[in-house]
Amino acid sequence: MRDGPDISRIANLIGDPARANMLEALIGGMALTATELANEAGVTPQTASAHLFKLTDGGLLTMAKHGRHRYFRIDAETAEVLESLMIFSADRQMRTRPGPRDAAMRHARVCYDHLAGEVAIAMVDSLAAQQVLVQAGETFVTGPGADEFFLRAGIDLDRLKDRRRPLCRACMDWSMRRPHLAGSLGAAIFDLVLDRKWAWRENGSRVVRFSPEGKRAFGVLFPV
């Protein structure tokens, strides 16, 4: 037997087209029912149940029952792996334009529970220019200006640091080919954007839409 983890089982789970469609539908972070995932995959409910059992048994999905419905979701780590695989796949198919063709998806979308796309990369550049965020190798760390910046923004860094989830993670952006900010801090910033009603998630999509006022307020907090 070979040493190290066996990637073949995970690769087999992701490699089936129907299961891949289900997983991609869940990258937005929302829990979906078995019926909704069957529609995403274009298969019958019976076939979807068999696929969902395999994905859950393989640790790629979690399931929770609410009433007569079963809801499935993925975690942040799985979502980031899938985003990376999208980049890898697009590169190997020799696309001349990376990522989604839809302009709205390229501009701003949700990646599990944090922002992705052009807006997210502009935010990272702004935080770096203000010494709030520093790229350290393949991840991010908070810089000397972080405590004061996020205190003014209304985000409690100390509370976020107490969580088991990493404060900062670098998640490779599917369309921009640069890392955007994930982790508990990335999620907190996205929550702030939604709570202040600067933007909203488009129904049935990963697209994030900013209002004109929200775009201006976001630009004040994260000037480029």
| query | Do D16 and H51 come close enough that some side-chain heavy atom pair is under 4.5 Å? | reply | yes
| Roughly how far, to the nearest 0.5 Å, is CG of L185 from NZ of K161? | 10.0 Å
| Is F53 reachable from M22 through a run of hydrophobic residues whose side-chain heavy atoms are each under 4.5 Å from the next? | no
| task | Might you point out which heavy atoms bring L13 and K54 nearest each other, and give the distance in Å? | result | CD2-O, 3.6 Å
| field | pair I189-F150: side-chain heavy atoms closer than 4.5 Å | value | yes
| Verify same cluster id: W200, L115 (apolar side-chain graph, 4.5 Å) | no
| task | Please report the shortest heavy-atom distance between A48 and A38, naming the atom on each side. | result | CB-CB, 3.6 Å
| message | I want to check something: taking the side chain as every heavy atom from C-beta on, are M86 and I27 in contact at a cut-off of under 4.5 Å? | response | yes
| task | List in chain and number order the residues that pass ring-ring contact (aromatic ring centres under 6.0 Å, His included) with Y112, two or more places apart in sequence or in another chain; answer none if no residue qualifies. | result | none
| Are the side chains of P179 and V124 in touch, meaning some heavy atoms are under 4.5 Å apart? | no
| task | Can you label the angle between the F218 ring and the F210 ring as parallel, tilted or perpendicular, going by 30° and 60°? | result | perpendicular
| query | Is D173 salt-bridged to R106, cutoff N-O under 4.0 Å? | reply | no
| request: Answer yes or no: is there a side-chain heavy-atom contact under 4.5 Å between V119 and V208? | output: no
| message | What's the separation between atom CG in N12 and atom CZ in R19, rounded to the nearest 0.5 Å? | response | 5.5 Å
| said: Looking at every non-hydrogen atom in both residues, tell me the closest pair between A170 and T139 and how far apart they are. | reply: CB-CA, 3.7 Å
| NZ/K197: more than 12 non-hydrogen atoms of other groups inside 6.0 Å | no
| With the 4.5 Å side-chain cut-off for hydrophobic clustering, are L160 and M123 part of the same group? | yes
| field | From CG (L26) to CG (L32), nearest 0.5 Å | value | 5.0 Å
| query | Do F149 and L221 come within less than 4.5 Å of each other through their side chains, counting heavy atoms only? | reply | yes
| L192 backbone acceptor or donor facing R196 side chain under 3.5 Å | no
| Flag side-chain contact, heavy atom, 4.5 Å: I10 against I14 | yes
| query | If you round to the nearest 0.5 Å, how far is CZ of R169 from NE2 of H114? | reply | 9.0 Å
| query | Linking I/L/V/M/F/W/Y whenever any side-chain heavy atoms sit under 4.5 Å apart, do L181 and V193 land together? | reply | yes
| query | Do you know the tightest heavy-atom contact between T33 and E36? | reply | N-OE1, 2.8 Å
| Between E83 and R206, is there a side-chain N and carboxylate O pair less than 4.0 Å apart? | yes
| query | M63, V43: one ILVMFWY side-chain cluster at the under-4.5 Å cut-off? | reply | yes
| request: Assess whether atom CD of E213 is packed by more than 12 heavy atoms of other residues, nucleotides or ligands within 6.0 Å. | output: yes
| Once you round to the nearest 0.5 Å, how far does CZ of R109 lie from NE2 of H180? | 7.0 Å
| task | Could you tell me the separation between the CG atom of D191 and the CG atom of D113, rounded to the nearest 0.5 Å? | result | 7.5 Å
| Does some side-chain heavy atom of E40 sit less than 4.5 Å from a side-chain heavy atom of E24? | no
Taking distance alone, no hydrogens or angles, what donor-acceptor pairs closer than 3.5 Å link side-chain atoms of residues 71-78 to residues at least two apart or in another chain?
residue, atom, partner, partner atom, Å
R73, NH1, G29, O, 2.8
D75, OD1, E77, N, 3.4
D75, OD1, T78, N, 2.8
D75, OD1, T78, OG1, 2.7

| query | Is a donor on one side and an acceptor on the other found under 3.5 Å between the side chain of S84 and the backbone of E80? | reply | yes
| remark: Here the pair of heavy atoms bringing L23 nearest to L61 is CD2-CD2, 3.8 Å
| message | Strictly distance-based, threshold 3.5 Å: is any side-chain N or O of S126 a donor or acceptor partner for the main-chain N or O of A122? | response | no
| query | Which heavy-atom pair separates G145 from V132 by the least distance, and what is that distance? | reply | O-CG2, 3.9 Å
| By the rule that ILVMFWY residues connect when side-chain heavy atoms come within less than 4.5 angstrom, directly or transitively, which residues belong alongside V134? | V141
